[in-house]
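Worksheet: the structure to be examined is printed underneath.
Below, read A as the first sequence line, B as the second, and so on, with proteins coming before strands; counting in each chain starts at 1. All values derive from a computational prediction rather than experimental measurement.
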Amino acid sequence: MPERPSLDGLEATWAQRWEQQGTYSFPGTAERAAVFSIDTPPPTASGSLHVGHVFSYTHTDIVARFQRMRGKQVFYPMGWDDNGLPTERRVQNYYGVRCEPSLPYDADFAEPEPVTKKGVKPVDVSRRNFVELCEKLTAEDEKAFEAVWRRLGLSVDWKHQYTTIGKRSQRASQRAFLRLLAKDEAYQAEAPTLWDVGFRTAVAQAELEDREHPGAWHRISFHAPGDAKVFIETTRPELLPACVALIAHPDDERYQPLFGTTVRTPVFGVEVPVLAHPAAEMDRGAGIAMCCTFGDLTDVQWWRELSLPARTIIGRDGRVLADAPSGLDSPEGLKAYAELVGATVHTARERVVGLLRDSGDLDGEPRKIVRPVKFFEKGDKPLEIVSSRQWFIRSKSHQDELLARGAELNWHPAYMKARYDDWVRGLNGDWLVSRQRFFGVPFPIWYPVDDQGEPRHDQPILPTEADLPIDPSSDVPPGYTAEQRDQPGGFTGDPDVMDTWATSSLTPQIACGWEEDADLFARTFPMDLRPQGHDIIRTWLFSTVLRAQLEQDTLPWRHTTLSGWILDPDRKKMSKSKGNVVTPMGLLEEFSSDAVRYWAASGRPGTDTAFDQGQMKIGRRLATKLLNAAKFVLGFDEPTAAAEVTEPLDRAMLAALDDVVRQSTEALEAFEYTTALERTERFFWQFCDDYLELVKDRAYAKDGGAATESVRLALRTALSTMLRLFAPFLPYSAEETWSWWHEGSVHLAEWPTPSAGAGQGDELMALASTVISAVRKAKSDSKRSMRVPVETVVIRGRQATVDAIARIQADLATAGNVASLTLEAADVDALDIAVTLAEQPEQSAQR
RNA sequence: GGGCGCAUAGCUCAGCGGGAGAGCACUCGGUUUACACCCGAGCGGUCGCAGGUUCGAAUCCUGCUGCGCCCA
């Protein structure tokens, strides 16, 4: 036991010892029911750790430590999400490179120096070189993350790690995909797809967001037979050459005569039908819309439901295609189209408006508006809709099952379930899982190439599960040779990779060793807990439920906890761009891990929490206080084996602590760690301020006999209990103090249980506090030391109250330095305490 | 436009049908042998607004306002 206990240095000492002693290693011997398994969110390796991570991961660790002490074998793995776009972007920016899939692999490629200045032209590298850079950089990032987690004191079993791009994840993703394919739960289709022209990839419904975007209504005339004009209004005049129909609501009186007729598009001179469809909004624009290939999802709906032709003009690069679409074949039309070829959407719009103006078909000037437009959440240009071949996983047809699973899951807090339900009910199609990117899990598929050199997508060649993972761009399918790649009569690999979520939706399966470690899987799956942010309910939580439903026909976990966000002091969501320079490691060093964890523990599930260094200071104070209180308690001689807790105040204190144990346990079982900490903390502080002061003299007594034995035993009993109650929250200071008088780790000690038959302790403890407070107030009011002698204390109260106080009279008198403490029974409502201090104010002079 | 959450002392928050509370901050005081990273005391609030239910509402219901988020 150190002379002056300190928090400094505890992290280094204990983190190392926990690792050496395997304190948190998962034994893997218990049956499923005696295991608590956690589906830890794999942090995005390419991002930086911020205080929000520290916050939410601490919450999970508190639960993990509690469950471990309750006797569960805790399966607490850690994953790293290094798969996908964020890593690609980081690698591009960090090294100043760009992936060019057409380049051959360069085996001698040297790792580029990190880019320090902006505006340097990126260097093209082959796909394989690019992937190698991704792997290298993420490995470094992951090491830095792990160092922070270890210092924070996460009780992760570091033997169980995975990465979402690693071999195990690739195998699981590909195996699960092949099985879905076999069950027809996965399919490919050539279909209109939301497309980000910046990233040049398809995006899924879950990755969309609406942004207010400026645009303008353009009123344009179409030409009906004779000289009649039909006016439509559109925000996307550049799609005029892609127009395939005009559409109005079937009930719209204004357009009844036109239904079934055709009109001619201005400038481009294409005959298009006027049709009726209920999705047309009568009160929007002119009430009649031009349907194009494709301006928005309504256009897609019309195209599909009305069997319209497709006139594609926008390519995957977001520019107007070189070839005019079928149906646009008049000389004037082709001439106009030629002026648009190669133009971006933005430029094409200006040119079409110019053409319309010249032809007199633009009615009035465009009217500027701002309206919601769909964006890829990571993109900066409005999404286009292009037709392409993509892979989908069926989800729309499983809506009812998914809602039932949502109802089966325990949500913390419960109201977060509404977001899941909203999302599942609002699904508008199947899950698009293919991405036209590079750093991801490839689809394990090849296609035969026919004699014309065209891939036969309808005859995919599949690997066997035993061969997984495979990369169809380098591996050769059975029965072919490498020379036949991309040759007529040969084969070609599917060029796409899976969306990141298609892999991370399998984290329970990956972590639990699905199809790779049957023993582990049986002991850990389905898991107990999925902690995650509420912002990714529609992505991660939803997709994980879907995958477990389709593969295992079960929920992937029993509970989910949704953590809130960290708000900066201005109540805004905290972000790097706000220039906040606090790094998690810096905080841990400044305040200590326990202190930062204390702050984190103040954030309840689902509740946004302010970043508050004040709370960290309080946490630091609490942890320091714990060290000092323990040193004090352990400074007294050990009670003899025969010692019993006999004194009323000691018994009351332990009884009150029993209540705290009860409440804390109940709260932690319900994932309400904040309540648990608050109860324990409140008790601990009262224990220090009142109980310790009341019993000090009795504990110090040289030949105090049974009364001294009683308090010494009570002190140690209480300390033992409190250390264990604090252990999940303040693992370092709890472990340090535990080590002063115990073998083994407090984190493997048994969670306290209330002692049987204990009476009500709160009442007597409260009475003791009331009396001692009155004495202190008298001293404070007369600005005297707490040490000053008190001549008399006269307490008047109801008989039962007075009787209770009588039982602790001696402790009260000693602690207050009271010469005469008398009790009077009286018929009064409130306790009346009269305190008379000794005369001589300058008592201290005698020392 | 639909939905969810929040609104309590200067700040951060607890309380969620019968006393308006904690910590921080602030003020005053204290060399008490665990702790000055300490101890004691005090100041401080029409519990967002308006109705309703109830013997009784910060707490339940309705509406409104403001903030945040989710979905269209």
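Comparing the C1' positions of B/A20 and B/U59 gives an interatomic distance of 12 Å, to the nearest angstrom. Separation of the P atoms belonging to B/C13 and B/G18 is 24 Å when rounded to the nearest angstrom. Atom name C1', nucleotides B/U62 and B/G44: the rounded distance is 33 Å, in whole Å. Using atom C1' as the reference point in both B/C11 and B/C4, the two lie 27 Å apart (nearest Å). Between B/C43 and B/A22, the two P atoms lie 11 Å apart (nearest whole Å). B/A14 sits 30 Å from B/A72 when the P atoms are compared, rounded to a whole Å. Rounded to a whole angstrom, the distance from the P atom of B/A25 to that of B/C39 is 12 Å. Separation of the C1' atoms belonging to B/G15 and B/A57 is 14 Å when rounded to the nearest angstrom.
In RNA chain B, the stems built from three or more successive Watson-Crick or G-U pairs (distances below 3.5 Å) are B:1-7 with B:65-71, B:10-13 with B:21-24, B:26-30 with B:38-42, B:48-52 with B:60-64.
Every residue two or more places apart in sequence or in another chain was checked for a ring-ring contact (aromatic ring centres under 6.0 Å, His included) with A/W195, and none qualifies. Take A/T298 and apply the side-chain contact (heavy atoms from CB on, under 4.5 Å) test, not counting sequence neighbours, and it matches A/A279, A/D296, A/Q301, A/W302. The salt bridge (charged side-chain N to carboxylate O under 4.0 Å, His left out) check on A/E305 picks up nothing, with sequence neighbours excluded. For A/W411, the ring-ring contact (aromatic ring centres under 6.0 Å, His included) partners two or more places apart in sequence, or in a different chain, are A/Y420. Residues that satisfy the ring-ring contact (aromatic ring centres under 6.0 Å, His included) test with A/F671, not counting sequence neighbours, are A/H412, A/H559. The ring-ring contact (aromatic ring centres under 6.0 Å, His included) test applied to A/F729 returns no partner, not counting sequence neighbours.
The distance between atom CD of A/Q686 and atom P of B/G23, rounded to the nearest whole Å, is 12 Å. Remark: P of B/C71 and CG of A/L208 are 10 Å apart, rounded to the nearest angstrom. In this structure, the CZ atom of A/R425 is 15 Å from the C1' atom of B/A72, given to the nearest Å. Rounded to whole Å, the distance from NZ on A/K783 to C1' on B/C28 is 5 Å. For the pair A/D421 CG and B/C71 P, the interatomic distance rounds to 14 Å; values are reported in whole Å. To the nearest angstrom, C1' of B/C70 lies 14 Å from CD of A/E377. Between the CD atom of A/E209 and the C1' atom of B/C69 there is a distance of 13 Å, rounded to whole Å. Between the CG atom of A/D422 and the C1' atom of B/G2 there is a distance of 9 Å, given to the nearest Å.
At a non-hydrogen distance threshold of 4.0 Å, nothing from residues 718-740 of chain A comes into contact with RNA chain B.
Heavy atoms of A/A629 sit under 4.0 angstrom from at least one base atom. The residue A/I537 sits apart from the nucleic acid: no heavy atom pair falls under 4.0 Å. A/K617 comes within 4.0 angstrom of nothing in the nucleic acid, heavy atoms only. When heavy atoms are screened at a 4.0 angstrom cut-off, A/R682 is found touching no nucleic acid atom at all.
Annotation: A/Q399, atom CD; neighbour count of heavy atoms from other residues, nucleotides and ligands within 6.0 Å is above 12.
Pairs passing the side-chain hydrogen bond (donor to acceptor under 3.5 Å, both in side chains) check and including a residue from residues 614-629 of chain A, sequence neighbours excluded, read A/D8-A/R620.
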Donor-acceptor pairs under 3.5 Å, side chain of residues 586-593 of chain A to any protein atom, not counting sequence neighbours: which ones?
from, atom 1, to, atom 2, distance (Å)
A/S592, OG, A/A595, N, 3.2
A/S593, OG, A/E11, OE2, 3.3
A/S593, OG, A/R151, O, 2.6

For residues 683-690 of chain A, which side-chain N or O atoms pair as donor and acceptor with protein atoms under 3.5 Å away, sequence neighbours left out?
from, atom 1, to, atom 2, distance (Å)
A/Q686, NE2, A/S769, OG, 3.0
A/D690, OD1, A/R776, NH1, 3.0
A/D690, OD2, A/S769, OG, 2.6

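Phosphate contact (OP1/OP2 of B/G30, side-chain N/O of A/R784, threshold under 4.0 Å): absent. Here A/S785 reaches the OP1 or OP2 of B/U32: one of its side-chain N or O atoms lies under 4.0 Å away. A/Q205 has a side-chain polar atom (N or O) that falls below the 4.0 Å cut-off from OP1 or OP2 of B/A72.
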Scan nucleotides 36-42 of chain B against the protein and return all N/O pairs shorter than 3.5 Å with their distances rounded to 0.1 Å.
from, atom 1, to, atom 2, distance (Å)
B/A36, OP1, A/R4, NH2, 3.4
B/C37, O2, A/T624, OG1, 3.3
B/C38, O3', A/K625, NZ, 3.2
B/C39, OP1, A/K625, NZ, 2.7
B/G40, OP1, A/D689, OD2, 3.3
B/G40, N2, A/S780, OG, 3.1
B/G40, N3, A/S780, OG, 3.4
B/A41, O4', A/S780, OG, 3.1

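Among the nucleotides B/A72, B/U12, B/C69, the one closest to any side-chain atom of A/D612 is B/U12.
Comparing A/A630 and A/I618 by the nucleotide of RNA chain B that holds the closest heavy atom to each, the one mapping nearer the 5' end is A/I618. Looking at which nucleotide of RNA chain B each of A/T607 and A/Y415 is closest to, the 5′-most match is held by A/Y415.
When side chains are defined from C-beta on, A/W423 counts as touching A/Q205, because their heavy atoms get closer than 4.5 Å.
A salt bridge is defined here as a Lys NZ or Arg NE, NH1 or NH2 lying under 4.0 Å from an Asp or Glu carboxylate O, and A/R682 with A/E678 meets this definition. The existence of a salt bridge linking A/R662 and A/D659 is confirmed by a sub-4.0 Å separation between a basic side-chain nitrogen and an acidic carboxylate oxygen.
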Check your understanding: Going through the distances and angles, do A/S820 and A/T792 end up as a side chain to side chain donor-acceptor pair (under 3.5 Å)?
Key -> CA-CA 5 Å; A/S820 157; A/T792 62; 6.0 Å; no

